[in-house]
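Below is one structure; the comments refer to it alone.
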Amino acid sequence: MTDVSAVSGLLLLIGLAALAGGYLGGWLADRVGPRLALAIVPAAFCLALASIPLSLHSVFFIPSVMLWSTISWMISPVVQSFLLHSDPASGNAGVALNTSAMHLGVGLGAAIGGLVIALADVGWTPWIGLGLTVLALLCAVGAAIYSKSAVQGSTNVLMPVCDSRTGSP
């Protein structure tokens, strides 16, 4: 795709999909709870990311990229909701630290992507990204399971109630 207007149109579609993703992430966390949403979104992102190289030379490429963009922007509100529900007393600090970690992750992802392109080929970037996303999915599922086990002694069925003095459930 070398036509400037076609590239501009694609970027507009990706941006609109990202905008929808921010809304849908918050909606999903509200509907199914932040713990379950924390497992659903990275799993869906893995599927969306895998669809990009598989659809590269087909009519499904642009919808795949839009789906990827939507889901990639769903994770932020889901994680923020999870952190705020996990420990309301320190939730704001958790969200601030998580935002910093996300920005660090973007920088590291760009560096890793640059290395992949330099050492292999641009076609490898989605597959390396998928591997990293699977690691993130494992971390998210671990966090969801840990928060579920912490709920056992709690009266709140969605998230553990934390003692604001000690920070422990």
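Note that these values count all heavy atoms, side chains included, but never hydrogens, waters or copies made by symmetry.
Put simply, the residue from Leu28, Val79, Leu137 that forms a side-chain contact (heavy atoms from CB on, under 4.5 Å) with Val41 is Leu28.
Proximity of Trp68 to Leu49: side-chain heavy atoms (C-beta onward) are separated by under 4.5 Å at one or more points. Looking only at side-chain heavy atoms (C-beta outward), Val7 and Leu11 come within less than 4.5 Å of each other. Using a 4.5 Å heavy-atom threshold, the side chains of Leu83 and Gln80 count as separate.
With Ser69 contributing its side chain and Ile14 its backbone, the two residues share a donor-acceptor pair below 3.5 Å. Counting only distance, with no hydrogens or angles, the side chain of Thr70 and the backbone of Ala17 share a donor-acceptor pair below 3.5 Å. Listed for the Thr125 side chain is a donor-acceptor partner under 3.5 Å among the backbone atoms of Val122. Put simply, the side chain of Ser86 gets close to the backbone of Phe82: a donor and an acceptor are under 3.5 Å apart. Under the 3.5 Å distance criterion, the side-chain polar atoms of Ser76 are left unmatched by any main-chain donor or acceptor of Trp73.
The heavy-atom pair separating Cys46 from Leu130 by the smallest distance is O-CD1, 3.3 Å. Minimum interatomic distance between Ser64 and Phe60 (heavy atoms only, all atoms of both residues): OG-O, 2.8 Å. Contact between Leu38 and Ala143 at its shortest, heavy atoms only, is CD2-CB, 4.0 Å.
The CG atom of Leu24 sits 11.5 Å away from the CZ atom of Arg31 when rounded to the nearest 0.5 Å.
Hydrophobic clustering keeps Trp124 apart from Ile117 (ILVMFWY residues linked when any side-chain heavy atoms are closer than 4.5 Å, directly or through intermediates). With hydrophobic clusters built from ILVMFWY side chains whose heavy atoms lie under 4.5 angstrom apart, Ile71 does not share a cluster with Leu47. Under a hydrophobic clustering in which Ile, Leu, Val, Met, Phe, Trp and Tyr are joined whenever their side-chain heavy atoms come within less than 4.5 Å, directly or via other members, Leu56 and Ile62 fall into the same cluster. There is no path of hydrophobic side-chain contacts, each under 4.5 Å, that joins Val78 to Leu97. Leu108 and Leu135 sit in two unconnected hydrophobic clusters of ILVMFWY residues. Membership requires side-chain heavy atoms under 4.5 Å apart, directly or through other members.
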Going through the checks in order, is the side-chain contact (heavy atoms from CB on, under 4.5 Å) test met by Ile145 and Arg35? CA-CA 8 Å; Ile145 289 170; Arg35 188 170 14 104; over 6 Å; no
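Within 6.0 Å of CH2 on Trp27 lie no more than 12 heavy atoms contributed by other residues, nucleotides or ligands.
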